[in-house]
Trainee: 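There's a structure below that I have some questions on.
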Amino acid sequence: MKIAVIGTGYVGLVSGACFAEMGIEVACVDVDSAKLEGLRRGVMPIYEPGLEEIVVRNHEAGRLRFLPSFDEVAGEVEVVFIAVGTPPDEDGGADLSHVLEVARQIGRSMVRPMVVVTKSTVPVGTCDRVREIIAAEIAARGLDIGFDVASNPEFLKEGNAVKDFMQPDRVVVGVDGQRARRVMDRLYKPFMINSYRVIFTDIRSAEMIKYAANAMLATRISFMNDIANLCELTGADVNMVRKGIGTDPRIGPKFLYPGLGYGGSCFPKDVQALIHTAGELGCRLEILEAVENVNRRQKDVLARKIERRFGSDLGGRVFGVWGLAFKPETDDVRQSAAIHTVRRLVAAGARVRVYDPVAMVAARVELGESVVWAETMYDAARGADALILATEWKEFRLPDWDAVGAAMRGRELFDGRNIYDRAELAERGFNYHGIGIS
Ligand code: NAD
């Protein structure tokens, strides 16, 4: 089987490489020629565990190609995925310009029947727009080509993307006919050897499922952040509350961790886009409006704690920050709460020393020379009045506290992810500040 994936970012590159790993011939298309050139030489544009190995192996085997245009493969492929970005536009909706531009390109190049699949996260109704654009482009060339559209939202998690794609919990495919269903079924069969987990739906439901899933996860996070803040006021410990409620099978233990608010390239924009879609239809999603507001407030939780401890003028103060990525195991800093916190400290006059195991390059684009780029986690702590754990990378879990203490000049520790033990740190002379622990 031959397919194309247009957009070679977190989703497109992982999908393309994983399909190739299953013996499918994949053309990954992107407008970023430097990215394509790097990939041909085995240089990954993103950090994603396990990705490099499968990209290099399948590229060398000739199953994975990197191309600047869909034109070159339009006569060969049975399926083309659209996996370009859908960032927020100025009024909170999803900016579909890249998706619709790709639809036009597909329509201009199509010479044979195929299934056009939106894998990007797109509002309900987008597949219909993609179909109309392609049909218009084909008609403008005086041709009649029977093509199908399908919606196949992606649920991979950055940092675990290869594993998620190779062993998905479920694959959702929205189709409106048997022809597309058969093709998509064949494509995903290799991933379903042990149990079949493809859920076929109509197209609009598939588009909605992606937003509803992210909105639900964001809701759990904001809910727990609200509860955490109340725990602080009441003297309860949110870690214990989390365990106490997470063991109820109706609730489950996942996504109950309070922290600095959700970030990344998906939750913030997808919650916003769903609220926007509802608004356009004259409907309000009041729970999600609250989820967003709580999240906005939570992103300042450390800045508020720091202000309470040191005052609003941080001139002359030094802070060490561990972690800049929006979560561990990724170099993605889009909407990162860590970056937000650093900016707040810098704005209040502090000198900030930052360290992240893999996101330093991406973070430098955001923070420039406003901070000191430390060589190691211990270097970040050097001369600091306070140390902040902002992203829970594994290497931060069990630090040499004596070395940390020796490097710092103060003893304040702000644990934005509740990974440390207050009693142990108190014994070592640190003043511990967690989230949701009074
Ligand atoms: P990304 O920004 O990492 O990658 C997008 C790629 O598309 C870039 O390489 C860009 O150069 C390319 N591109 C833009 N216009 C193009 C065009 N006309 N032709 C060819 N290439 C073009 O984006 P991403 O994080 O991979 O997200 C892609 C989509 O998948 C979004 O809708 C996102 O919401 C969704 N999604 C992302 C994740 C995630 O964890 N990142 C998970 C699930 C779904």
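Residue numbers run from 1 in the order of the sequence given. First listed ligand is number 1; within each ligand, the first listed atom is number 1.
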Trainee: Atom 43 (C) of ligand 1: which of Glu158, Glu154, Gln105, Lys35 has the nearest heavy atom?
Mentor: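 Going through Glu158, Glu154, Gln105, Lys35 one by one, Glu154 has the nearest heavy atom to atom 43 (C) of ligand 1.
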Trainee: Determine, considering heavy atoms only, which of Leu100, Thr121, Val84 sits nearest to atom 13 (N) of ligand 1.
Mentor: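 Going through Leu100, Thr121, Val84 one by one, Val84 has the nearest heavy atom to atom 13 (N) of ligand 1.
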Trainee: If the cut-off is 4.0 Å to any non-hydrogen atom of Ile6, which atoms of ligand 1 fall inside it?
Mentor: 19 (N), 20 (C)
Trainee: Please state whether the rings of Trp322 and Phe396 are parallel, tilted or perpendicular, taking 30° and 60° as the class boundaries.
Mentor: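 Correct class here is parallel.
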Trainee: Considering residues, nucleotides and ligands other than Asp91, do more than 12 of their heavy atoms fall under 6.0 Å from its CG?
Mentor: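 Count over threshold, so yes.
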Trainee: Are there over 12 heavy-atom neighbours, none belonging to Met192, within less than 6.0 Å of that residue's CE?
Mentor: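 Atom CE in Met192 is packed in, count exceeds 12.
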Trainee: Measure the distance from atom 15 (N) of ligand 1 to every protein heavy atom, then report the residue, atom name and distance (to 0.1 Å) of the closest one.
Mentor: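 Sorting protein heavy atoms by distance from atom 15 (N) of ligand 1 puts His98 ND1, 3.6 Å first.
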Trainee: Going by the order shown, which atoms of ligand 1 are within less than 4.0 Å of some heavy atom of Lys269?
Mentor: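 Selected atoms, number and element: 33 (C), 34 (O).
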Trainee: Check whether the side chains of Arg417 and Tyr257 place a donor and an acceptor atom closer than 3.5 Å, and report yes or no.
Mentor: no
Trainee: Under a 3.5 Å cutoff, is there a donor and acceptor pairing between the side chains of Asn160 and Glu329?
Mentor: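 No, no side-chain donor-acceptor contact under 3.5 Å.
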Trainee: How far is atom 26 (O) of ligand 1 from the closest protein heavy atom, and which atom is that?
Mentor: Val11 N, 2.8 Å
Trainee: For a quick check under 3.5 Å, do Asp379 and Thr376 share a side-chain donor-acceptor pair by atom type?
Mentor: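 Side-chain D/A pair, Asp379 to Thr376: absent.
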Trainee: Should the pair Arg170 and Phe155 be classed as cation-pi, given the thresholds of under 6.0 Å to the six-membered ring centre and 45° from the axis?
Mentor: yes
Trainee: Phe81 vs Phe19 aromatic rings, parallel, tilted or perpendicular, using cut-offs 30° and 60°?
Mentor: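 Because their plane-to-plane angle is under 30°, the rings of Phe81 and Phe19 count as parallel.
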Trainee: Check whether the side chains of Asn152 and Tyr188 place a donor and an acceptor atom closer than 3.5 Å, and report yes or no.
Mentor: yes
Trainee: Atoms of ligand 1 less than 4.0 Å from Gly9 heavy atoms?
Mentor: 1 (P), 3 (O), 4 (O), 6 (C), 9 (O), 26 (O)
Trainee: Within the structure, is a non-hydrogen atom of Arg334 found at a distance of less than 4.0 Å from ligand 1?
Mentor: yes
Trainee: Give the residue, atom name and distance (to 0.1 Å) of the protein heavy atom nearest atom 7 (O) of ligand 1.
Mentor: Gly7 CA, 3.5 Å
Trainee: Show the atoms of ligand 1 that are less than 4.0 angstrom away from any heavy atom in Ser265.
Mentor: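 Taking each heavy atom of Ser265 in turn, ligand 1 has 41 (N) under 4.0 Å.
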Trainee: Judged on heavy-atom distance to atom 17 (C) of ligand 1, which of Val31, Asp95, Asp164 sits nearest?
Mentor: Val31
Trainee: Note the single closest protein heavy atom to atom 6 (C) of ligand 1, along with its residue, its atom name and the distance in Å.
Mentor: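 The protein heavy atom lying closest is Asp30 OD2, 3.7 Å.
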Trainee: Only heavy atoms of Leu156, strictly under 4.0 Å: list the atoms of ligand 1 that pass.
Mentor: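 In order of numbering, the contacting atoms are 40 (O), 42 (C).
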Trainee: Heavy atom of Lys157 under 4.0 Å from ligand 1?
Mentor: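 Contact check Lys157 vs ligand 1: negative.
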Trainee: Cation-pi check for Phe200 against Arg181: NZ or CZ below 6.0 Å from the six-membered ring centre and within 45 degrees of the axis, yes or no?
Mentor: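 Judged by the rule (NZ or CZ under 6.0 Å from the ring centre, within 45° of its axis), Arg181 counts as positioned above Phe200.
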Trainee: Closest non-hydrogen protein atom to atom 18 (N) of ligand 1, residue and atom name please, with distance?
Mentor: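 Checked against all protein heavy atoms, atom 18 (N) of ligand 1 sits closest to Val102 CG2, 3.6 Å.
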Trainee: Find all atoms of ligand 1 within a distance of less than 4.0 Å from any non-hydrogen atom belonging to Thr86, and give their numbers and elements.
Mentor: 31 (C), 32 (O), 34 (O)
Trainee: Short list, please: which atoms of ligand 1 are under 4.0 Å from a heavy atom of Ala83?
Mentor: 28 (C)
Trainee: Restricting to pairs with a member in residues 28-38, which pass side-chain hydrogen bond (donor to acceptor under 3.5 Å, both in side chains), not counting sequence neighbours?
Mentor: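 The answer is Glu37-Arg40.
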Trainee: Give the atom numbers and elements of ligand 1 that come within less than 4.0 Å of a heavy atom of Lys210.
Mentor: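 Numbered from 1, ligand 1 contributes 43 (C).
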Trainee: Identify the protein heavy atom lying closest to atom 5 (C) of ligand 1, giving its residue, its atom name and the separation to 0.1 Å.
Mentor: Gly85 N, 3.7 Å
Trainee: Under a 3.5 Å threshold, yes or no: a donor from one side chain and an acceptor from the other, between Gln298 and Asn229?
Mentor: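 Gln298 vs Asn229: donor-acceptor pair found between side chains.
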